[in-house]
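Heads up, the thing below is written out as structure tokens.
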There are 2 protein chains.
Amino acid sequence: MTGRTVTISEVAKHAGVAVSTVSYVLSGKRTISADTRRRVLDSISALGYHPNAGARALASKRSNVIALVLPLRAGMHVPVLMRFASAVVTAARRFDHDVLLLTADEGTAGIRRVAASALVDALVLMDVELDDRRVPLLRELAEPSVLIGFPASPAGLTCVDLDFAAAGARCVEHLAERGHEEIALLGAPSVVYERGTGFADRTREGFVAALDAHGLTGVALPCEETFDEVYETVRDLLLDRPGLSGLVVHNEAAVGHVLAALRQLDRRVPHDVAVVAICPDDVAERASPPLTSVPIPAEEVGREAVRLVMEKLEGRPVPASTLLGPLLVIRAST
Amino acid sequence: MTGRTVTISEVAKHAGVAVSTVSYVLSGKRTISADTRRRVLDSISALGYHPNAGARALASKRSNVIALVLPLRAGMHVPVLMRFASAVVTAARRFDHDVLLLTADEGTAGIRRVAASALVDALVLMDVELDDRRVPLLRELAEPSVLIGFPASPAGLTCVDLDFAAAGARCVEHLAERGHEEIALLGAPSVVYERGTGFADRTREGFVAALDAHGLTGVALPCEETFDEVYETVRDLLLDRPGLSGLVVHNEAAVGHVLAALRQLDRRVPHDVAVVAICPDDVAERASPPLTSVPIPAEEVGREAVRLVMEKLEGRPVPASTLLGPLLVIRAST
DNA sequence: TGAGAGTGTCGAAGCGCTTCGACGACCGGC
DNA sequence: GCCGGTCGTCGAAGCGCTTCGACACTCTCA
């Protein structure tokens, strides 16, 4: 079974056809008679043939591999990243592509390397910052790329993400419908805002705009991720704003701490304070009480990124910007 | 800069040498005079040459890519996985290799495919189960592989992992030193034990054995991951065992809930109950109070796995089993 | 001083695949 | 009955690299 490696010419010999015929059977790029096709396919499975990826890449100038570039930085929402990665791999396989994993350790050099060496045909980049060093490089690269997230100036790029502004607004809207009049957003740690990570800012903007639109009062605060800091933030917030009755939490790591803090401050959810989170579904479900939330659609985003990059590989035009609409899942916390 | 792709023969022409000379400069497989080497290297950087990965793989029968196989199942410790993955990528780069990401969706077919097509030279598998379907396949594969985790019968395989039994024992030992006489282990969710995931079992075994060795009484319980379930478990545990004063938590997702539950039950940490966790450092640091813990040495394990797989690629013998000794970091919770 | 042993470099033969042009065989239309 | 078109298949030319054997030198040491 796992004997010597079988080549296309052995398949051709076994099937009694030319090497090129086998190739055309596999690629479907020329018409082949049903009879010949069957003979070839039989030989392929009889011999256990697998095309050699290197040879194929060399001859066709296509490696059928895409790069997935993950920045593995501090303060990141790692589990979400993983779900993105998984979705990208699964989607890529559906297009008969594999995924090469690149971390940011190597900086832009890694991207340049895999592109220049033809190791990959295209790139998908995750967790893009507003001012991302990788962006200028992508513009000059021949290989198509898609970003998950939006840099400050996305001109000439293809980007896809959850519409965080709409997500922030959706949370406000929901709390407004429930009759809350003073609410707060607990967002990412301040370091994330300082770094200029797009999604954090965009959620805040959507939140603030929706506050206005619905005539509510409120405030948007950064939120650290240790229990003690979260506790203080929540305590001070409730002290400063006695009328506050709704909370939007956009910080996966802090969400549990926020609930624990409220518990300790004797505020009952949702009776005293209603809580909406923007976070992965499993976190929302596991909380006590289970949280009304806007889930992060990692699967959809990953799938869409791959679809877009494949379109670009085919030379087809794609929209520069794809924003996925937020869903609101209502649970026990509002 | 990102103009047409530069080939080795253009470099050779530019440097005034033969193609093979350029190749030998790059690989170091034959001696080259210092002068020629310099000329060639200058031409390489002048032209911006990057060897074509496909051509290289075809000619050398080495793709310089290793596969990282991640099962992306429910109930997994995803952030830890990510750190493993990151460590593997970084370590692989140090050996001039890239990493192809494979998920378990494709089952064993994916492994077979990338191996047979020579897309990868070797494999690293993560989160191995006691009875892992992938294991028999690895045995018959020509490509070397290394497992992170231990299957039930590791004969003929190369495995590396944290020594979870020693980690469980180390926690007990620490609590014994602090004078605790009755302690409990809160482990993985029961579904993880039922699936037969090695590390959960091994921690429990180490815990139980150390209990005996130190003459302590105690119990090992599975632990679910929602706050309410954790709360009940902890409450019942304290009710059943009034003498209990130490807790070992080997469940990253539940660790925060355990502390919140203790807080709510008016047990102070470490005054009333001491807590030791087996979990990633960032989780232990972020908790309140910061937890004494045995960290999961993801970086070391990943690096070691890559080192082993590279050794095997070179044809050198490697130990079948590598267990990394646990470290105990003392913080405020004991 | 000449045989023998390195050194440093070259040319050419593949590696396994895709793709292009060519070419019979067969078809229908006049 | 001949011509132009398809259809199905083949052969050969690469793709860009590694590696093997050959070979021209330059040193040593007898």
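So that the names make sense, note that chain A is the first sequence line, chain B the second, and so on, each numbered from 1. Worth knowing before you read on, the calculation uses all heavy atoms, side chains too, and leaves out hydrogens, waters and symmetry mates.
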* **DNA chain D contacts among residues 25-40 of chain A, heavy-atom distance under 4.0 Å** => A/R30, A/T31, A/I32, A/S33, A/T36
* side chain to side chain contact (heavy atoms under 4.5 Å, CB included) partners for B/P136, two or more places apart -> none
* To do: For B/R62 and C/dC15, give me the distance from atom CZ to atom C1', rounded to whole Å.
  => 15 Å
* **Heavy-atom closest pair, residues B/D127 and B/R134** => O-NH2, 3.7 Å
* To do: Give the rounded distance in Å between these two atoms: CD1 of A/I8 and P of D/dT9.
  => 15 Å
* Side-chain-base donor-acceptor pair under 3.5 Å for B/Y24 and D/dC17 -> no
* Asked: So does A/K13 have more than 12 non-hydrogen atoms from other groups sitting under 6.0 Å from NZ?
  -> no
* Rounded distance (Å) that lies between atom C1' of D/dG16 and atom CG of B/L58 -> 9 Å
* Structure fact -> From CG of B/N64 across to P of D/dG16 the rounded distance in Å is 19 Å
* Structure fact -> Taking every heavy atom of B/R56 against every heavy atom of B/P51, the minimum-distance pair comes out as NH2-CG, 3.5 Å
* Tell me which nucleotide among D/dC10, C/dA12, C/dT18 gets nearest to the side chain of A/S60. => C/dT18
* To do: Nearest whole angstrom, please: distance from the C1' of C/dT18 to the NZ of A/K61.
  => 11 Å
* Asked: Nearest heavy-atom pair of B/P151 and B/L157: which atoms, and what distance?
  -> CG-CD1, 4.0 Å
* Structure fact -> Note: for B/A18 and B/A59 on DNA chain C, the residue whose nearest nucleotide lies more 5' is B/A18
* Asked: Which residue lies toward the 5' end of DNA chain D, B/V6 or A/S20, if each is placed at its nearest nucleotide?
  -> A/S20
* Choose from D/dC10, C/dC15, C/dT18 the nucleotide whose nearest atom is closest to any side-chain atom of A/V17. => D/dC10
* Asked: Does CZ belonging to B/R133 count more than 12 external heavy atoms closer than 6.0 Å?
  -> no
* Structure fact -> Among the nucleotides D/dC17, D/dC10, C/dC17, whichever has the atom closest to the side chain of B/R56 is D/dC17
* Between C/dG16 atom P and A/L47 atom CG, what is the distance in whole Å? -> 15 Å
* Would you tell me if any nitrogen or oxygen in the side chain of B/T21 comes within less than 4.0 Å of OP1 or OP2 on C/dT9? => no
* Among C/dG11, C/dC17, D/dT18, the one nearest A/N52 by side-chain distance -> C/dC17
* Does B/E106 come within less than 4.0 Å of B/R112, counting only side-chain N to carboxylate O? -> no
* OP1 or OP2 of C/dG16 sitting under 4.0 Å from any side-chain N/O of A/T7? -> no
